[in-house]
Amino acid sequence: MTPRRVLQAMHIYLHKTRIYHFPQNGLPAALLKISCLRFCTAIQNDPTKSTKRPENRILLNNLSFLGVDIKMARKRQPGVLRRETTNEKGLVQFLRNKGADHKTIASIISRYPRAITRSICHLEERWQLWRNIFKVDSDIIKIVERSPESYFRSSDNENLEKNINFLCSLGLTAKDLHRMFTTAPRTFSNSLELNKQMVEFLQELCVCLGGDDPNDFVKRIITKNVYILIRSTKRVKSNIEFLKESLKLTNDTILKLLQGQGADLLDLSNHYITVNFNNAAKKLRLLDCTDEEIRKFFTTYPPGLYVSSDNLSNKIDCLLEDTICIEQILKSPRVLECSVATLKSRLNKLAKVRYNFEDQGISILEYSRKRFEAKLEKLNEEL
DNA sequence: TACACCGGGGTCTGCCATGGCT
DNA sequence: AGCCATGGCAGACCCCGGTGTA
């Protein structure tokens, strides 16, 4: 390449990557430097005319030395091991500077080998974007260690920045964003377009259901269910259809449900939610509940559809084995939020103080641990 | 003061398929 | 043809405590 060609190519690159549109006064020297480095990385990593190359021996040696599980890496992204140019040394240095230890770094590369193809500039830029959300490096390291793919899968930092701006524009607070980055980091590797699609779908849904504030509706759903943006609209759509039909809900009820306890239901696979509903309904019918009572049960207690039907059935049986009847469970379904183990242990303890569920109700079972222990102590004193 | 009611909080990746690019 | 980026899927709760009210 002649110097003139290089300059031309770089010109095109800067336009293509929209670096010229950076919203600052002109292009700062540091940024220009980053752009040049990115350009160099881009042309170095150009896989043009790649035929199936053999694995890069030097790279394999480097990775082995770092303690990377080569077998795992090969299984996950074999193409990376054949690359001539990689940046494993830069990545290691970078992560080490951020506080990651050897073992963590090896595990990250083993699980998401493509991480070693990211340039230092890319890594630094992405980190800075994350640092706008997190106070300390160690918080980010924890997430990268937990889910290297979520962090490294996208090479598009600009898209990440746009996603952050987009979610802010929906009225989500810094705290909401922090929670999303922590819990569902994949959201920020989604294309902006995909995230917009889900938001628009939810806004339209709100309008269809007769809601008068689509923006607030979306905000509420996202804060109630931070995973919503990593689900497909297809899944969310079919779950809403299912809820509408099987629970025979009015538009108003479904609006309330989705903004409250029912938001989590949108995560489930349509098959799972259907099987769960059918099995649980069967169980309740055997206990002489009417269809109307069953629908009311799930409407007032949507988590009943989230928990596996076996687990739900075990909890009900556990309560019925005591002196509790199904009517009481239908009246206070939240007792089913306790694990079977907690229920059993509480039922035992209450039997010892001769607690009468018929007179005193069953809501004592859903107390927090602290409150339950305090209440139990009192009951013991009264004996 | 005790309790019912209810909202909030933690938590979630690793794999496969596919379309686009070079 | 091979690789990359990205979409989508399966998987499957439990606990705490604030607050209004009787």
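Sequence lines set the chain letters: A, B, ... in the order given, protein chains first and strands last, and positions in each chain run from 1. Computed from a predicted structure; not experimentally measured.
Taking CD1 of A:Ile116 as the start and CZ of A:Arg118 as the end, the distance is 10.5 Å to the nearest 0.5 Å. Between the NZ atom in A:Lys349 and the NZ atom in A:Lys344 there is a gap of 15.0 Å [rounded to 0.5 Å]. Here the CZ atom belonging to A:Arg126 is positioned 5.0 Å from the CG atom belonging to A:Leu160, to the nearest 0.5 angstrom. With values rounded to the nearest 0.5 angstrom, A:Leu91 atom CG is found 10.0 Å from A:Thr86 atom OG1.
Here A:Arg111 pairs with nothing under the salt bridge (charged side-chain N to carboxylate O under 4.0 Å, His left out) rule; sequence neighbours left out.
Atom C1' of nucleotide B:dT11 and atom CZ of A:Arg146 are separated by 8 Å, given to the nearest angstrom. Rounded to whole angstrom, the span from the NZ atom of A:Lys256 across to the C1' atom of B:dC6 amounts to 15 Å. With rounding to whole Å, A:Tyr227 atom OH is found 19 Å from C:dG8 atom P. Whole-Å rounding puts the A:Glu84 CD to C:dG2 P distance at 15 Å. Regarding A:Leu81, its CG atom lies at a distance of 15 Å from the C1' atom of C:dC4, rounded to whole Å. Rounded to an integer number of Å, the gap from A:Arg126 CZ to C:dA5 P is 11 Å. At whole-Å resolution of the value, NZ in A:Lys315 and C1' in C:dC15 are 11 Å apart. The distance between atom CZ of A:Arg153 and atom C1' of B:dG14, rounded to the nearest whole Å, is 10 Å.
Classification of A:Lys283 and A:Asp317 as a salt-bridged pair holds, one side-chain N sitting under 4.0 Å from a carboxylate O. Note on A:Arg74 versus A:Glu55: salt bridge recorded, some NZ/NE/NH1/NH2 to OD/OE distance being below 4.0 Å. Taking a cutoff of 4.0 Å between a charged side-chain nitrogen and a carboxylate oxygen, A:Lys142 and A:Asp139 qualify as a salt bridge.
For B:dG14, the OP1/OP2 oxygens have no side-chain nitrogen or oxygen of A:Lys75 closer than 4.0 Å. Close to B:dT13, at under 4.0 Å from its OP1 or OP2, lies a side-chain N or O of A:Ser147. Side-chain nitrogen and oxygen atoms of A:Lys234 include none within less than 4.0 Å of the OP1 or OP2 phosphate oxygen of C:dG8. At C:dT6, one or more side-chain N or O atoms of A:Ser154 fall inside 4.0 Å of OP1 or OP2 (strictly under the cut-off).
With P as the reference atom, B:dA17 and C:dG11 are 16 Å apart, rounded to whole Å. Distance noted for atom C1' between B:dC12 and C:dG8: 15 Å (whole Å).
Residue A:Arg76 is classed as a sugar-phosphate contact, given heavy-atom separations below 4.0 Å to backbone atoms only. Residue-level contact check: A:Thr342 touches the backbone only, with heavy atoms under 4.0 Å from sugar-phosphate atoms and none from bases. A:Lys175 comes within contact range of the sugar-phosphate backbone alone, with a heavy-atom separation under 4.0 Å but no base atom that close.
Closest to the side chain of A:Val80, from the set C:dC4, B:dC15, B:dG8, is C:dC4. Of the candidate nucleotides B:dT13, C:dT6, C:dC3, C:dT6 has the atom lying nearest to any side-chain atom of A:Tyr112.
Remark: side-chain polar atoms of A:Ser189 are paired, donor with acceptor, to backbone N or O of A:Ser150 under 3.5 angstrom. When atom types are taken as modelled, the side chain of A:Tyr306 and the backbone of A:Gly262 share no donor-acceptor pair closer than 3.5 angstrom. At distances below 3.5 Å, not a single donor-acceptor pair connects side-chain atoms of A:Ser332 with backbone N or O atoms of A:Val335.
Taking a 4.0 Å limit (strictly below) on heavy-atom distances, residues 177-201 of chain A reaches DNA chain B at A:Arg179, A:Thr183, A:Pro185, A:Arg186.
Residue pairs meeting the ring-ring contact (aromatic ring centres under 6.0 Å, His included) criterion with at least one member in residues 161-210 of chain A, sequence neighbours excluded, are A:Trp130-A:Phe181, A:Phe134-A:His178, A:Phe181-A:Phe188.
There is a side-chain donor-acceptor pair under 3.5 Å between A:Asp267 and A:Asn225. A donor-acceptor contact closer than 3.5 angstrom links the side chains of A:Thr250 and A:Thr253.
With hydrogens and angles ignored, no donor-acceptor pair under 3.5 angstrom links the side chain of A:Arg83 to the base of C:dG2.
In this structure, A:Arg346 satisfies the cation-pi test against A:Phe372, with its NZ or CZ atom closer than 6.0 Å to the six-membered ring centre and inside 45 degrees of the ring normal.
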Protein and nucleotides 10-12 of chain C: nitrogen or oxygen contacts under 3.5 angstrom:
residue, atom, partner, partner atom, Å
C:dA10, OP2, A:Arg235, NH2, 2.8
C:dG11, O6, A:Arg231, NH1, 3.2
C:dA12, N6, A:Ser269, OG, 3.3

Query raised in the report: Based on Watson-Crick and G-U pairs with both distances under 3.5 Å, what dot-bracket line describes DNA chain C 5' to 3', crossing pairs as [ ] and inter-strand pairs as |?
Result: ||||||||||..||||||||||
Report summary line: B/S/- along nucleotides 16-22 of chain C (protein heavy atoms under 4.0 Å) is BBBB---
